[in-house]
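Down below is the structure, laid out as C-alpha cells.
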Number of protein chains: 2
Amino acid sequence: MPTIKDLAKELGVSVSTVSRALNNHPDIRQETKQEVLEAMKRINYTPNALARSLIQRKSNTIGLMIPDITDPFFSAMAHDVEEVLSDNGYLVIYVNTSRRPDKEKRFLTSVLERKMDGIIVTPDFLDEDGIELLQRLKIPVVFLRRRPPQGLEMPFVDVDHYEGACNAMDYLFSLGHKEIGFIGMPQYSFTGKERYRGYIDSLQKRGLEPNPKGVIWDGRTMECGSRSMGRLMEEYPAMTAVFAANDLLGIGALEWLAAHDISVPGQMSVIGFDNLEVSNLHWIKLSTVAQPRKEMGRKAAELLMQMLLDNRLTADSILLNTQLIIRQTCSEAKI
Amino acid sequence: MPTIKDLAKELGVSVSTVSRALNNHPDIRQETKQEVLEAMKRINYTPNALARSLIQRKSNTIGLMIPDITDPFFSAMAHDVEEVLSDNGYLVIYVNTSRRPDKEKRFLTSVLERKMDGIIVTPDFLDEDGIELLQRLKIPVVFLRRRPPQGLEMPFVDVDHYEGACNAMDYLFSLGHKEIGFIGMPQYSFTGKERYRGYIDSLQKRGLEPNPKGVIWDGRTMECGSRSMGRLMEEYPAMTAVFAANDLLGIGALEWLAAHDISVPGQMSVIGFDNLEVSNLHWIKLSTVAQPRKEMGRKAAELLMQMLLDNRLTADSILLNTQLIIRQTCSEAKI
DNA sequence: CTGAAAGCGCTTACAG
DNA sequence: CTGAAAGCGCTTACAG
C-alpha cells in the first residue's frame with residue numbers, strides 16, 4: 001500500500017505539500033494540487049484514516065448501540081441513522097446488546113478505545129459503572145427511545161409513549177369501553193412502563209378502578225400476546241377491550257381470538273401500539289398508535305451532527321408525537 | 001485522556017514495559033503486570049485503539065455492506081454477523097447501500113481507508129471499478145447472498161435459490177398443477193434471477209411450454225405482489241397456481257385474492273419463497289421455501305474469521321439448503 | 001506557497 | 001525481565 005511518502009517522492013515534493021493538497025488547505029497552489037490529485041490516482045494512493053484520526057483526534061465514526069437489529073423498530077431507526085451519518089462523512093459502528101448489561105458496557109469501552117466521535121444509544125440496563133463510563137466519554141451522546149439517567153445532561157429523542165397510550169385509552173373510552181385489559185411488555189422495559197402508566201392513569205382519571213386481574217406481563221412477542229389473551233379471557237370475563245402494549249402482542253391476541261372464534265371487533269376490541277407494517281395487512285387491520293420510527297432515527301442522527309458541529313455535549317431533547325391509527329379492530333362496547 | 005506515557009510515569013517504568021503488560025507479552029514479570037493493571041484502573045487509562053491499529057496494521061474492524069438493514073432478511077443476517085464478530089473481538093462497521101452503485105463504491109473506499117481487516121458484502125451492482133477496488137483490498141472478503149464476479153477468487157455463502165425454486169415447482173407439479181404463473185422480483189436481482197431460472201427450467205423439464213404472459217416482473221414489495229396478481233389473473237386465465245419469487249410478493253398476491261373473493265387454495269394455489277415470520281400468521285399460512293437466514297449470517301462471519309485466522313484470502317464457499325414449508329395455500333389442481 | 005521537524009499514542013526489534 | 005529508540009502514516013505549527 002503506497003503511503004503519503006511514496007506519493008511525495010513520486011512528485012518530488014514534501015509530504016506537507018501532499019497533505020495540504022489532499023485536505024484542500026488554502027495555502028496551496030492550484031497546479032500543485034492538481035498534480036497531487038492525479039498522481040494519487042496513478043499510484044492508487046488511499047489515505048490511511050487511522051493515522052489521520054490519531055493526529056486529528058477525530059475518528060469520523062459514530063457508535064450505535066441498540067438492543068436488537070432484528071426488531072423492525074430498531075432496524076428502521078438504524079437505517080436512517082446510517083443514512084444521515086454517512087451523508088455527513090461518518091461511518092457507523094453498530095452493536096447489538098441483546099439487552100445484556102455486559103454487552104452495553106463492552107460497547108462503551110469500545111467507544112473509548114476507538115475514539116468514536118459520538119454515539120447514539122438505547123440502553124436497557126445502565127448501572128453505576130455504565131453511567132460512569134458515559135461520563136468519561138466526553139463526546140456527544142444521544143439517547144434513542146430511552147431517557148438519560150439522573151445527573152447526565154444528555155438529550156434524548158423519543159416518542160411520548162405515555163401520551164400515546166392515553167390517546168389509545170381515550171379512544172376506547174369514547175367507544176364506551178370501561179372494562180379494559182392490558183397486555184404488557186417485559187416489566188423492565190422503559191417504553192413498556194410508560195405505556196402502562198398511560199393505561200393506569202387513564203383509567204383512574206375516569207374514576208375507574210383498575211382490575212388487578214386485567215393486567216398481564218409476559219414478553220414482547222406474538223406468542224406472548226396470544227398466551228396473554230387466553231389468560232385474560234379466563235381471569236377477566238367482564239373485559240370488552242384490550243390494550244396491547246405493542247402490535248406484536250396485539251396481533252398475538254388477535255390470533256388467539258380468531259382461533260377461538262371470538263369475533264373482532266364484535267365481541268372484543270383490540271388496540272395495539274407501534275403501527276408495524278404487518279398490522280395493516282388485509283386480514284389484520286389492527287387499530288394502533290403510530291410512531292414516526294424512521295423520523296426518530298433521522299432526528300437522532302441530525303441532533304448528534306448538530307452537537308458535533310456546535311462542539312456541545314448537550315442539546316434539547318426531541319419528543320415526537322404519536323398518531324392514533326383507527327382501523328378495524330375496535331368498535332362500540334356492547335351494553 | 002491519559003496515555004500510555006502517563007501510566008508509565010505513574011509507575012516509574014518505561015512505556016515498553018507497560019505495553020508488554022497490557023498485551024500479555026510473555027517477557028514480563030507477573031508482579032509488574034499486576035501493578036500496571038492496577039494503575040491502569042486507578043488513572044482510568046484506556047488504550048488508544050487507533051494508535052495500536054496503526055502500528056499493528058490490524059484495525060479489528062469488519063465491514064458489512066448490505067442493501068438495506070430494514071429488510072428482515074438482512075437484519076437477521078446482520079444480527080448474527082455482529083454476534084460472532086463481537087465474540088471474536090471485532091467491531092462491525094455497517095453500511096446500507098440502498099442498492100446504489102455509488103454507495104457500494106464508497107463503502108469499498110472506506111474499507112481501504114480504515115484498514116478494515118475483512119468484509120462481508122452483498123453488492124447489487126459491481127462494475128469494473130468495484131471489482132478493481134475489491135482486488136486492491138487484499139483482505140478476506142466473503143460474499144453474502146451474492147456470487148463473486150468472474151475472476152475474483154472469493155468465497156460466498158448463500159442458499160441454493162435455484163434448487164429451492166425447483167422444489168417449490170415440483171411440489172406444485174405433484175399437486176397436478178400445469179398452468180403456473182410467476183411473480184418475479186426486480187430483474188437485476190441475483191436471487192430473483194436464480195429463482196426464475198428454477199421456475200423456467202422446471203417447466204421445461206416437464207415438457208411444459210412456459211406461457212410468456214405467465215411471468216410478471218415488478219418490484220419486491222407486497223403492493224407489487226398484489227398488483228401483479230391482478231394482472232396475472234387477467235392475462236393468464238388458465239392459471240391454477242402462482243409461484244411468487246418472495247413471500248412479500250406472495251402475501252400481496254394473497255391480499256389481492258382475498259379482496260376479490262377468490263378462495264385459496266380452493267381456486268388458486270400460491271407458494272412463496274423466504275419463509276418470513278409473517279408468512280406463518282394465522283390468517284396467512286403461506287406455503288413457502290425456507291432459508292436458514294440466521295445461519296447464513298453466522299456462517300459468513302465464521303468463514304471470515306477462519307480466513308483471518310489462517311491468513312488466507314480465499315476459502316470454500318458454503319451453499320446451504322432450503323426447505324420446503326408446506327402450509328395452507330396450495331392444494332390439488334382442479335381438473 | 002513550500003519544506004523540515006515535531007508529534008499523535010502506540011508496538012517491537014534490539015541491546016543489555 | 002526491562003528500557004531506549006525507531007517507526008506506523010499522517011497533520012500542523014513554524015520558518016522561510
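Order of the sequence lines fixes the chain letters, A, B, ..., with proteins taken first and strands second; residue numbering starts at 1 for each chain. Note that the structure is a prediction, hence the values are computed from the model and not measured.
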Quiz prompt | Residue that, paired with Glu10(B), satisfies salt bridge (charged side-chain N to carboxylate O under 4.0 Å, His left out) out of Arg42(B), Lys41(B), Lys5(B) | solution = Arg42(B)
Quiz prompt | Residue matched to dA13(D) through Watson-Crick or wobble contacts both under 3.5 angstrom | solution = none
Exercise. Please determine, for dA4(C), whether a Watson-Crick or G-U wobble partner exists with both distances under 3.5 Å, and give it or none.
Key: none
Phosphate-side-chain proximity, [X] and [N], N/O vs OP1/OP2 below 4.0 Å:
| X | N | result |
| --- | --- | --- |
| Arg52(B) | dT11(C) | yes |
| Ser19(B) | dC10(C) | no |
| Ser14(B) | dA4(D) | no |
| Arg57(A) | dG9(C) | yes |

Quiz item: Any side-chain donor paired with an acceptor under 3.5 Å for Arg145(B) and Gln291(B)?
Solution: yes
Exercise. Could you tell me whether the side chains of Lys115(B) and Thr61(B) share a donor-acceptor contact shorter than 3.5 Å?
Key: no
For [X], answer base if it contacts any base atom (sugar-phosphate contacts may also be present), sugar-phosphate if it contacts only those atoms, and nothing otherwise; contact means non-hydrogen atoms under 4.0 Å.
| X | answer |
| --- | --- |
| Thr32(A) | sugar-phosphate |
| Thr3(A) | sugar-phosphate |
| Ile28(B) | sugar-phosphate |
| Asn48(B) | sugar-phosphate |

When the distance from [atom1] of [X] to [atom2] of [N] is rounded to whole Å, what number comes out?
| X | N | atom1 | atom2 | answer |
| --- | --- | --- | --- | --- |
| Asn23(A) | dT12(D) | CG | P | 7 Å |
| Lys5(A) | dG3(C) | NZ | C1' | 15 Å |
| Ile4(B) | dG7(D) | CD1 | P | 19 Å |
| Asp6(A) | dC8(D) | CG | P | 11 Å |
| Lys115(A) | dC8(C) | NZ | P | 13 Å |
| Asn60(A) | dT11(D) | CG | P | 12 Å |
| His25(A) | dT12(D) | NE2 | C1' | 8 Å |
| Lys58(A) | dC10(D) | NZ | C1' | 16 Å |

Practice problem: Using heavy atoms to find the nearest nucleotide of DNA chain C for Val15(A) and Gln30(A) separately, return the residue whose nucleotide is more 5′. | Solution: Gln30(A)
Quiz item: To the side chain of Thr17(B), which of dG3(D), dC1(D), dG9(C) is closest?
Solution: dG3(D)
Quiz item: To the side chain of Asp27(A), which of dT2(C), dT11(D), dT11(C) is closest?
Solution: dT2(C)
Exercise. Please work out which of the three classes, parallel, tilted or perpendicular, describes the rings of His161(A) and Phe190(A), given edges at 30° and 60°.
Key: perpendicular
Quiz item: Between Arg146(A) and Asp124(A), does at least one N-O distance fall below 4.0 Å, as a salt bridge requires?
Solution: yes
Quiz item: What do the steps show when you test Ser86(B) against Lys103(A) for side chain to side chain donor-acceptor pair (under 3.5 Å), and what is the final call?
Solution: CA-CA 9 Å; Ser86(B) 77; Lys103(A) 294 207 72 181; 3.3 Å; yes
Quiz item: Is there a donor N/O on one and an acceptor N/O on the other, under 3.5 Å, for the side chain of Arg20(A) and the base of dG3(C)?
Solution: yes
Quiz item: Mapping Leu54(B) and Pro26(B) onto DNA chain D by nearest heavy atom, which one lands closer to the 5' end?
Solution: Pro26(B)
